[in-house]
2 protein chains.
Amino acid sequence: MKLTEAKKQFISSWGAFGTHWGINKTMAQIHALLMISPDPVTQDDIMDELSISRGNVNMNIRDLINWGLVDRVIIPGERKEFFTAEKDIWKVATQIIKERKKRELDPMLKLLDQLEDVDGDKKDKNVKQFVDTVSGIRKFGGQADKMLQVMVKADENWFVGSLLKFFK
Amino acid sequence: MKLTEAKKQFISSWGAFGTHWGINKTMAQIHALLMISPDPVTQDDIMDELSISRGNVNMNIRDLINWGLVDRVIIPGERKEFFTAEKDIWKVATQIIKERKKRELDPMLKLLDQLEDVDGDKKDKNVKQFVDTVSGIRKFGGQADKMLQVMVKADENWFVGSLLKFFK
DNA sequence: ATTAATTTTCAAAAAGTTTTGAAAATTCAA
DNA sequence: TTGAATTTTCAAAACTTTTTGAAAATTAAT
């Protein structure tokens with residue numbers, strides 16, 4: 001397969017993959033394009049490659065920067081701004097995990113904490129099931145939270161690597 | 001907080017949480033309702049509790065069954081069908097992981113495999129960056145894949161439990 | 001077999017999300 | 001400063017997804 005075709009396929013499926021996980025398709029596509037671009041690119045480059053509007057590029061680049069996945073790059077002598085993405089996939093993954101944990105997991109765990117001390121008689125089976133379910137999720141979430149913290153802190157892949165050898 | 005209010009909050013935030021992960025809000029809400037319901041419920045119960053249409057309940061229940069998260073229950077002497085959800089959160093999580101792996105991760109890894117043997121000179125920096133990025137993602141995905149398989153196979157939580165004690 | 005209860009389907013409507021593009025704001029070179 | 005290049009904003013349009021609800025299909029009791 002030719003590079004042009006392979007790039008197209010990669011960008012398109014990274015976009016589709018993203019949408020399955022609640023990520024805007026264009027945002028994922030821009031991310032894909034930047035990850036396979038050896039050098040920093042401009043907003044116009046992205047507009048051309050993906051055939052999308054300037055506003056769309058601008059907003060999604062902003063989001064990618066907020067997610068910590070893309071950086072603005074100043075190239076001396078160039079008028080335009082350039083953009084580049086982290087290419088080490090381990091770093092990309094830990095960054096995404098860190099952000100999603102902060103944005104979604106942490107607030108959910110906080111809420112579950114509050115919901116757990118609902119009023120009412122624990123002998124009422126409705127109250128009992130509610131408390132059991134909520135506390136089960138909270139405990140599980142707390143464990144996941146700790147595990148993710150460990151993964152995110154580990155600079156290298158040795159942890160998962162050794163784990164997998166052990167269990168292969 | 002009263003149970004009625006706590007239930008409302010739980011259902012509503014489980015729905016919102018779901019949408020952030022590409023899950024239909026109503027599907028997540030029905031799942032939430034079933035997880036906190038001590039006894040099996042009917043489609044009409046769900047319509048009333050969530051104020052949604054019969055069609056909506058029916059389609060989303062079907063999806064939940066396909067995801068392996070909800071079961072149809074026949075109650076002797078009852079005309080209507082009843083539904084119930086798995087309440088052990090560890091089982092719920094492994095089931096979700098299993099399905100998402102099958103639906104999303106596996107096909108993506110298959111595609112990356114193909115894309116990796118793109119034509120062209122590896123000394124061309126565009127080809128090189130493409131191959132490096134794709135193979136990096138493929139390797140990482142393969143590792144994640146193996147790790148998830150291990151988690152899903154473990155019937156009990158001893159694995160993660162002991163891991164966390166080790167790292168606490 | 002008939003019929004009433006229940007479930008399923010799916011086209012159309014509603015709701016939600018994303019994208020566009022032109023105007024406003026900003027930046028930088030002369 | 002001035003003005004051309006570039007970036008940002010955001011209301012409206014396009015697109016996508018979800019929901020409704022009534023008709024069709026199915027089920028089970030008589």
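Chain letters run A, B, ... following the sequence lines, proteins first and then strands; every chain starts at 1.
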- Message: Rounded to whole Å, please give me the gap between CZ in B:R62 and P in C:dT6.
- Response: 20 Å
- Task: Answer yes if B:I65 and B:M59 sit in the same cluster of Ile, Leu, Val, Met, Phe, Trp and Tyr residues linked by side chain heavy atoms under 4.5 Å apart, and no otherwise.
- Result: no
- Please examine the side chains of A:K7 and A:L3, heavy atoms only from C-beta on, and report whether any two atoms are closer than 4.5 Å. yes
- Task: May I ask you to say whether B:D44 pairs ionically with B:R54, meaning some side-chain N is under 4.0 Å from a carboxylate O?
- Result: yes
- OP1 or OP2 of C:dT7 less than 4.0 angstrom from a side-chain nitrogen or oxygen of B:N58, does that happen here? no
Atom pairs, protein N/O to nucleotides 12-15 of chain D N/O, distance under 3.5 Å:
none

- Message: Return a single string for nucleotides 21-30 of chain D, one symbol per nucleotide in 5' to 3' order, where B is base contact, S is sugar-phosphate-only contact and - is none, cutoff 4.0 angstrom on heavy atoms.
- Response: B-----BS--
- Of all heavy-atom pairs linking A:E86 and A:V92, the shortest is O-CG2, 3.5 Å
- Taking atom C1' of C:dC28 as reference, at what distance in whole Å does atom CD of A:E81 sit? 12 Å
- Side-chain touch B:I46/B:N60, heavy atoms, less than 4.5 angstrom: no
- Query: What pair of heavy atoms forms the shortest contact from B:V131 to B:E116, and how long is it?
  - Reply: CG2-O, 4.0 Å
- Give a yes/no answer on whether the side chain of A:R72 brings an N or O atom under 4.0 Å of OP1 or OP2 in D:dT7. no
- Task: Write down the distance between CD1 (B:I52) and P (C:dA15), rounded to a whole number of angstrom.
- Result: 15 Å
- Message: Distance alone, cut at 3.5 Å: any donor-acceptor contact between the side chains of A:Q129 and A:T133?
- Response: yes
- Under a 4.0 Å heavy-atom cut-off, which of residues 20-48 of chain B touch DNA chain C? B:Q43
- So, the side chain of B:R100 versus the backbone of A:H20: is there a donor-acceptor pair under 3.5 Å, distance only? yes
- Indicate yes or no: at least one non-hydrogen side-chain atom of B:F10 is less than 4.5 angstrom from one of A:L112. yes
- Message: Taking the side chain as everything from C-beta on, heavy atoms only, tell me whether B:R72 gets closer than 4.5 Å to B:F83.
- Response: yes
- Message: I want to check something: taking the side chain as every heavy atom from C-beta on, are B:W67 and B:H31 in contact at a cut-off of under 4.5 Å?
- Response: no
